[in-house]
Peer 1: 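One structure is given below, represented as structure tokens, and several questions about it will come after.
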Amino acid sequence: MKLSEIPALLREIGVSPVKSLGQNFLHDRNLARWIVDQASIAGDDYIVEIGPGLGVLTEFALEKGARVLAIEKDKRLVQFLRERFTNQNVEIIHADASEFDVRTLYAQSRVKLIGNLPYYISSQLLIKFLEYPSPISLWLLMLQKELAARLGATPRTSDYGALTLQIQFHYRVEYLRTVSQNVFLPKPDVDSAIVRLTPRAERELPACDYAVFEKLVRRGFSQRRKQLGKLLRQEGADWERIVTTLGLNPWARAEELSLEQWIALTNCVAPVDPGKDNIEPEEQFQVVDERDTAVGSAPRSQVHANNLLHRAVHILIFNSQGEVFLQLRSRWKDRHPIQWDSSAAGHVDAGETYDQTADRELEEELGVETTLEKVAKLPASDRTGLEFICLYQGRYDGTMRLNRTEIEAGRYFPPSVIDDWMAARPNEFAPGFVECWKVWREKSS
Ligand code: SAM
């Protein structure tokens, strides 16, 4: 759509741009095409577009053969877009993107997010759609230039701050180009910029407890002119030891530390132990025969190397909305790292009962104590990793204390989302959970 055509079109559909909805329509078609190209869209991609407006980006995304879900808050534009795009690959929903349930996107095998975001709500939308872990594999966004600069900032600059580090912890940020106000109608007061974000590789950065990292970073930048040591001492950190261990300038301010230094600092304050899983081979497992009768014990490494039958528990914790908590296994696990698993799970140690293991694992992994009910017993097979599995379920709505050495992240999901997700992306789940989920589904139907 050309600049000259937009006013007539807006008049025709009875839309006068609303400032409070951030309605500045892009009229440069070449730029729109270039923006969409930066998302490397393929025919099997599922594109979520926030705020399609008159559909300038939607058109090019559809041209790539992708399916598009466009979320638009303005009803008048929704009606226009539904008439404009009759392609069956597009779904236009009338909704506030800040209320969209991102978890439903796990049902699609590859999701990319594009949008020329309404400025008044950009930060809120960023926080929501960039929440880690995410079903989205690429974000291509037009933002207010200042916000884009903060996302991609480097140390020792005024743009570098808590937001930079929170985003860059999980994502690589590329500031692609600045966009002049002149390409919009109506013309906004500020320039824009296009950024592309992609998830970091699995072990690109050292392990660290993200919750502690976030707390320290926020504190460090709460008064950015103040020396970091003074601020962190108030958080109980042993600043002298940190300075010596990391070789830092004792008078450094928050903006002087790189992302890697912030991670190292976090590990000084609250170390995570990525090596723990590799020490676990010395744990003694209960070894059993094909009828699940105890026949002895053996260290973990021997149990796995010699294909000995053994025992495990899986626990599914539900909240009062009927959603089930899944954990994302730590990237440091020797088996099935970065795969989604039951709320808690673990091997039965020598001399332990299934019930005792279930209570212990729940406490060790999630810091939760609750009554558990036995749901089923799964026979040992190749699919369960030669484990007899006792499956439990329980109810819990309180706060969890996740064991960061074992667990990367965790979240509650509606069971129907898990069904669709498992069909679309089976490799994202640990195999033992897949077996347990099938059994739980049979029992609960
Ligand atoms: N993508 C179009 C373009 O580039 O011309 C329009 C971009 S305009 C900056 C922002 C769009 O987001 C508008 O169409 C506006 O109605 C829509 N919008 C504003 N708030 C929204 C929200 N909370 N959820 C979904 N869409 C929203």
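The structure displayed is predicted, hence computed values, not measured ones. In listed order, ligands and their atoms are each counted from 1.
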Peer 1: Heavy-atom count check: over 12 atoms from other residues, nucleotides or ligands less than 6.0 Å from Arg150 CZ?
Peer 2: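 Open.
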Peer 1: Distance under 4.0 Å, heavy atoms only, partner ligand 1: which residues pass?
Peer 2: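 Protein residues near ligand 1 are Leu21, Gly22, Gln23, Asn24, Phe25, Leu26, Glu49, Gly51, Pro52, Gly53, Val56, Ile71, Glu72, Lys73, Asp74, Leu77, Ala95, Asp96, Ala97, Asn116, Pro118, Tyr120, Ile121.
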Peer 1: For Tyr210 together with Tyr132, are the ring centres under 6.0 Å from each other?
Peer 2: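 Ring centroids of Tyr132 and Tyr210 are no less than 6.0 Å from each other.
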Peer 1: So, applying salt bridge (Lys or Arg N to Asp or Glu O under 4.0 Å) with Arg84, which one of Glu72, Glu59, Glu12 is it?
Peer 2: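 Considering Glu72, Glu59, Glu12, a salt bridge (Lys or Arg N to Asp or Glu O under 4.0 Å) with Arg84 is found only for Glu59.
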Peer 1: For residues 245-252, run the donor-acceptor check on the side chains, cut-off 3.5 Å, and write out each pair with its distance to 0.1 Å, sequence neighbours left out.
Peer 2:
residue: Thr245; atom: OG1; partner: Arg241; partner atom: O; Å: 2.5
residue: Asn249; atom: OD1; partner: Trp251; partner atom: N; Å: 2.8

Peer 1: Is the centre of the Phe429 ring less than 6.0 Å from the centre of the Trp421 ring?
Peer 2: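 That pair passes the under 6.0 Å test.
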Peer 1: For the residue pair Trp437 and Trp440, categorise the inter-ring angle as parallel (less than 30°), tilted (30 to 60°) or perpendicular (more than 60°).
Peer 2: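 Trp437 vs Trp440 ring planes: parallel.
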